[in-house]
Peer 1: 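This structure is in C-alpha cells; I'll ask about it shortly.
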Amino acid sequence: MINITLPDNSVKQFEPGVSALDIAKSISEGLARNVLAAKVNGEVWDATRPINEDVNLQLLTWNDKEGKATMWHSSAHLMAEAIESLYPGAKFGIGPDIENGFYYDIDLGDRVISDSDFKKIEDKMREFAKSKQKFCRKDISKQDALKYFEEKGDEYKLELIQDLEDGQITFYESGEFTDLCRGPHVVDTSIIKAIKILSVAGAYWRGDENRKQLTRVYGITFPKKKELDEYLERLEEAKKRDHRKLGKELELFTFSQKVGQGLPLWLPKGAALRERLETFLKKVQKTAGYQQVISPHIGNVELYKTSGHYQKYGEDSFRPITTPVEGEEYFLKPMNCPHHCEMYNHKPHSYKDLPIRLAEFGTVYRYEQSGELHGLTRVRSFTQDDAHIFCTPDQIKDEFKGVIDIIMYIFKALNFNEFITQISLRDPENPEKYIGSDENWKKAEDAIKEVAEEKGLDAIIEYGEAAFYGPKMDFMVKDALGRKWQLGTIQVDYNLPERFKLTYIGADNEKHRPVMIHRAPFGSMERFVAVLIEHCAGNFPLWLTPDQAIILPISEKYQNYAEKVLNLLDNSDIRAAIDDRSEKTGRKIRDAELKKIPFMLVVGEKEAAEGTVSVRRHGQGDLGTYSIDDFANMINSEINKMLEK
RNA sequence: GCCGAUGUAGCUCAGUUGGUAGAGCAGCUGAUUUGUAAUCAGCCGGUCGGCGGUUCGAGUCCGUUCAUCGGCUCCA
C-alpha cells in the first residue's frame, strides 16, 4: 500500500498504480467528473497516470490555475485534430495554453484560415469533444519519435525533437491526432463543452523574424457554456474601457491620416488633463531637488555619433534633416539623454554639486514599425517625463530611493494599486556583453535590490534583461485587455558618461566619471494617459478630470444664478461649466452622466433663493443640497486627501 | 515590416444576387421653460478611405495603395 497525503494533510492508503482519478472517485463521483489533472509532489500530472509511491496529492479542477491550463492545453490538441481533419497535410509547430485560452501554430501550406472558417473548426472540435476521446500518454524513443514525424513530413516537430533528450520524450494520442507533448492532459475530451475560436494571426516559427511565418489560431474553451458567455461578455466590457474609444468619446485626443500615423493630436480637454499631470509632477520634482531644463527637438548628427545611437539605430530612424550646408545633418531627437549630457558638460563640476538632476518633458520621435502603432500606447511622437541624474556610484542607492518615492506617490494619487515591478540585471553567464566595471555593476545591482526590499516592492528579478549600459527597474501596468505596458523606468547608465566624457572633480582633486540615471515615472505622457484612461474607465481622479462639475439650471430663469455659482466655484479653483441648453433636467443629467462629469449641480428656484446647489454625483445619484462653500470644501478636501504624501 | 480582418455622414451602424445611398444620435433652426438618465418638429450633412480596372452601369466584383483593429517581430 502507498500513502497519499491530501492538501488538508489527511493521509489515505491505496494500492500502488492507483491514479488521481481513482482517488477522486473514492472521495466522490462528482469530484471525479470535475478533475482535470493532479499535482503530484508539486508536479502536474495526468489524472489517469499511475502513482506508485507515497506522494502529496492535490486534485486539480477548473478552479485551479493548473487545472485550467491543462484543459486549455488539451483543447489546443483538440483544435489541432480538428484542423488536421479539415486541412489534411497541415504541419504543426507548438500549441500551448496561455493566460486566457490557447493557440496552435500551424503551417497550412498555400491555404489560409480566416474568421469565416472559425465556425467549421469549432463544429469539428465539438464533434470530436463529444466522442469522448481519451488522451493517452506514451513514452517513445527519440529514434521512433523522429521516424513518426519524418513519415508525417512535419519538419517543425522534427526540429523540436532534435533538441530533446532521448528517454524524456512522450507522445499524446487523442482520437486521430498524435502530438509530441510532455503533457499533462485531461482524461478525455468530453469535459470540453464550450468552444470558441477567437482569432488568427501570423507568428514567426520560434519567434524568429527570419524564419517562416506560421498561422497562429487562438481559442478558448470552458466546461460550461455559461462560463464562455460570461468570458465573452467580460471581453466586451473591457473593450468599452479601451482608451482609443474613450479618448474619442471624451474628446481627449485624435489622430489624422494627413498629419501622419502614430502622431497624436491632443485636443483641448486632453491637453489640459496632460498639463495638470505635468504640473503635478513638476511640483513633486521641484521638492525632490530636480531642475527643469529645455532642449530642442533636433540635434546634429555628431551628437548621435557621440552617443552611439547613430551607429546602432540610424537606419531605422526618421531620415536625417539636411540643410543648405553641404553634408550638414540633423536628426529628430529619439531621446533626451544626449542633450542633457551636453548640458552637464557646459561647465566643470565638483563632487559637491552632485547629484545634479535635470528634468524635461521632452518630446521625442521614433520611427516605430507601422504594425506596432497602437492608440496612445505606441506612437511615433511622444513626450517623456524624462530626467537624468548625474551622481557618484555611491549615490545610486539614495537616488533610486528618491525616484521610487516619486513613482509610488504618483501611483497612489492616481489609484494605481496593481502594478508589476521588474528589476533587470546582467546575464551572469555573459558579463562581457556589458559596458562598465564589474565593481560598479555589482554596486548598482545590489543597490537596486536593496532599495526594492527596503521599499517593500515585490519585484521580479530578471537576469540578462539589463541594457548593455546598465541595470534597471521598470514598473508595468496592465491595460483593459490584460496587455502589459511599461510605464515608469529607472535605468543606470555607465555608457553615456563615458562617451560624453562627463567628469567631476572629487575630494581628491582628481577627475572622476559620474554615473547617469535615466528615469521617467510616467514613462511617456501618451502611454501613461492611455493606461490611466483604461484603468479608471474614463472616470478620472477628481483632481485630474477635465470638468469637475457641471451646473444644470432648471430653466433659463436661473441662468444668472448658474453664472454666479460658476464664478464662486472658479474662486475655489473648481473647474465647472454650465449646461444652458433649453433641455429638461433629465436630459442634462443623462448627458452629464455619459460625459462622466463627477458632479452635477442642479439649480432652480429653491437653490437660487437659498444660495445653494443640489448635488448629484456621477454614478451615485442625488447627494442632497449643499451651500456652495460646503460643496467647494467637499471637493477640495477630497482632492487634498488623494494628493497626500 | 509580416499574417488575418475592417474601412459608408462628426459618432454608431443598415445597404438583398452590380441599377449612381439610408437610419438613430450629434449639429443647425424653431417651438417648449422644463426638478435628477433622452420634449417635439423641420433642416443641414456622404466624389461609400485613395487610385486604377471590369461593366451600358460599381458602395457592391477585381487589382493596388493608405489607414485602423487582432496578433507576430521590434521597442534606444
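In what follows, chains are A, B, ... by sequence order, proteins preceding strands, each numbered from 1.
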Peer 1: B/rA67, B/rA37, B/rG4: which one has an atom nearest the side-chain heavy atoms of A/V112?
Peer 2: B/rG4

Peer 1: Is it the case that the base of B/rA67 and the side chain of A/Q257 share a donor-acceptor contact (distance under 3.5 Å, atom types as modelled)?
Peer 2: no

Peer 1: If you define the side chain from C-beta out and look only at heavy atoms, does anything of A/E526 sit under 4.5 Å from A/T377?
Peer 2: no

Peer 1: Assess whether side chain to side chain donor-acceptor pair (under 3.5 Å) is satisfied between A/K333 and A/S295, documenting all intermediate values.
Peer 2: CA-CA 10 Å; A/K333 70 173 169 185; A/S295 55; 2.9 Å; yes

Peer 1: B/rG71, B/rC69, B/rU73: which one has an atom nearest the side-chain heavy atoms of A/R244?
Peer 2: B/rC69

Peer 1: Tell me which nucleotide, if any, is Watson-Crick or G-U wobble paired with B/rU6 when both distances must be under 3.5 Å.
Peer 2: B/rA67

Peer 1: Measure from the side-chain heavy atoms of A/H309 and tell me the nearest of B/rU36, B/rG71, B/rA76.
Peer 2: B/rA76

Peer 1: Please confirm whether any donor atom in the side chain of A/E607 sits under 3.5 Å from an acceptor in the base of B/rG35, or the reverse.
Peer 2: yes

Peer 1: Suppose you measure atom C1' in B/rU16 against the same atom in B/rG59; what distance do you get, rounded to whole Å?
Peer 2: 14 Å

Peer 1: What is the separation between atom OH on A/Y103 and atom P on B/rG70, rounded to the nearest whole Å?
Peer 2: 19 Å

Peer 1: Between A/F102 and A/Y218, is the ring centroid distance below 6.0 Å?
Peer 2: no

Peer 1: B/rC44 pairs with which nucleotide, Watson-Crick or G-U wobble, both distances below 3.5 Å?
Peer 2: none

Peer 1: With rounding to whole Å, what would you report as the distance between B/rU60 and B/rC69 at their C1' atoms?
Peer 2: 23 Å

Peer 1: Return the value, rounded to whole Å, for the distance between atom CD1 of A/I589 and atom P of B/rA38.
Peer 2: 9 Å

Peer 1: With a 3.5 angstrom cut-off on both distances, give the Watson-Crick or G-U wobble partner of B/rU60, or none if there isn't one.
Peer 2: none

Peer 1: Out of B/rC75, B/rA5, B/rU73, which nucleotide sits closest to the side chain of A/E372?
Peer 2: B/rU73

Peer 1: What is the separation between atom CZ on A/R216 and atom C1' on B/rC3, rounded to the nearest whole Å?
Peer 2: 11 Å

Peer 1: Grab the CG-P distance between A/D107 and B/rC3 for me, whole Å please.
Peer 2: 14 Å

Peer 1: Would you mind telling me which of B/rU73, B/rG4, B/rC74 lies closest to the side-chain atoms of A/E209?
Peer 2: B/rU73

Peer 1: Can you find a heavy atom in the side chain of A/R319 that is under 4.5 Å from one in the side chain of A/Y367?
Peer 2: no

Peer 1: Measure from the side-chain heavy atoms of A/R483 and tell me the nearest of B/rC75, B/rG70, B/rA67.
Peer 2: B/rG70

Peer 1: Across all strands shown, which nucleotide pairs with B/rU32 by Watson-Crick or G-U wobble geometry, both distances under 3.5 Å?
Peer 2: none

Peer 1: Could you work out the separation of B/rC13 and B/rA21 based on their C1' atoms and round it to a whole Å?
Peer 2: 14 Å

Peer 1: Look at the side chain of A/Y204 and decide which nucleotide, out of B/rA37, B/rC3, B/rU73, has an atom nearest to it.
Peer 2: B/rU73

Peer 1: Look through every strand shown and name the nucleotide pairing with B/rA14 as Watson-Crick or G-U wobble, where both distances are under 3.5 Å.
Peer 2: none

Peer 1: Does the protein touch nucleotides 23-34 of chain B at the base, only the backbone, or not at all? Give it as B, S and - per nucleotide, heavy atoms under 4.0 Å.
Peer 2: ---S-----BBB

Peer 1: Around A/E230, counting heavy atoms of other residues, nucleotides and ligands shown, do more than 12 lie under 6.0 Å from its CD?
Peer 2: yes

Peer 1: Given side chains that start at C-beta, do those of A/P96 and A/Y103 come closer than 4.5 Å, heavy atoms only?
Peer 2: yes

Peer 1: Ring centroid separation for A/F331 and A/Y310, is it under 6.0 angstrom?
Peer 2: yes

Peer 1: Find which nucleotide of RNA chain B each of A/R366 and A/A201 is nearest to by heavy atoms, and output the residue with the more 5' nucleotide.
Peer 2: A/A201

Peer 1: What interatomic distance, in whole Å, is found between C1' of B/rG46 and the corresponding atom of B/rC3?
Peer 2: 33 Å

Peer 1: P atom, B/rC51 versus B/rU17: distance in rounded Å?
Peer 2: 26 Å

Peer 1: Between B/rU36 and B/rU68, how far apart are the two C1' atoms, rounded to whole Å?
Peer 2: 39 Å

Peer 1: With rounding to whole Å, what would you report as the distance between B/rA9 and B/rG22 at their C1' atoms?
Peer 2: 11 Å

Peer 1: Taking the six-membered ring for Trp, is the centroid-to-centroid distance between A/W72 and A/H77 below 6.0 Å?
Peer 2: no

Peer 1: Rounded to the nearest Å, what distance is computed from the CG atom of residue A/D242 to the P atom of nucleotide B/rU68?
Peer 2: 14 Å

Peer 1: When you get a sec, tell me which of B/rC72, B/rG70, B/rA38 is the closest nucleotide to the side chain of A/H374?
Peer 2: B/rG70

Peer 1: Heavy atoms from C-beta onward define the side chain here; which of B/rU68, B/rU73, B/rC3 lies closest to that of A/Q369?
Peer 2: B/rU73

Peer 1: What I want to check is whether an N or O donor and acceptor connect the side chain of A/Q213 with the base of B/rC2 at under 3.5 Å.
Peer 2: yes

Peer 1: Closest-nucleotide mapping onto RNA chain B: is A/R206 or A/R380 further toward the 5' terminus? I mean the 5' end.
Peer 2: A/R380

Peer 1: When rounded to the nearest 0.5 angstrom, what is the spacing between CD in A/E360 and SG in A/C337?
Peer 2: 10.5 Å

Peer 1: Between B/rG57 and B/rC43, how far apart are the C1' atoms? Round to whole Å, please.
Peer 2: 32 Å

Peer 1: What is the pairing partner of B/rU55, taking Watson-Crick or G-U wobble pairs with both distances under 3.5 Å in any strand?
Peer 2: none

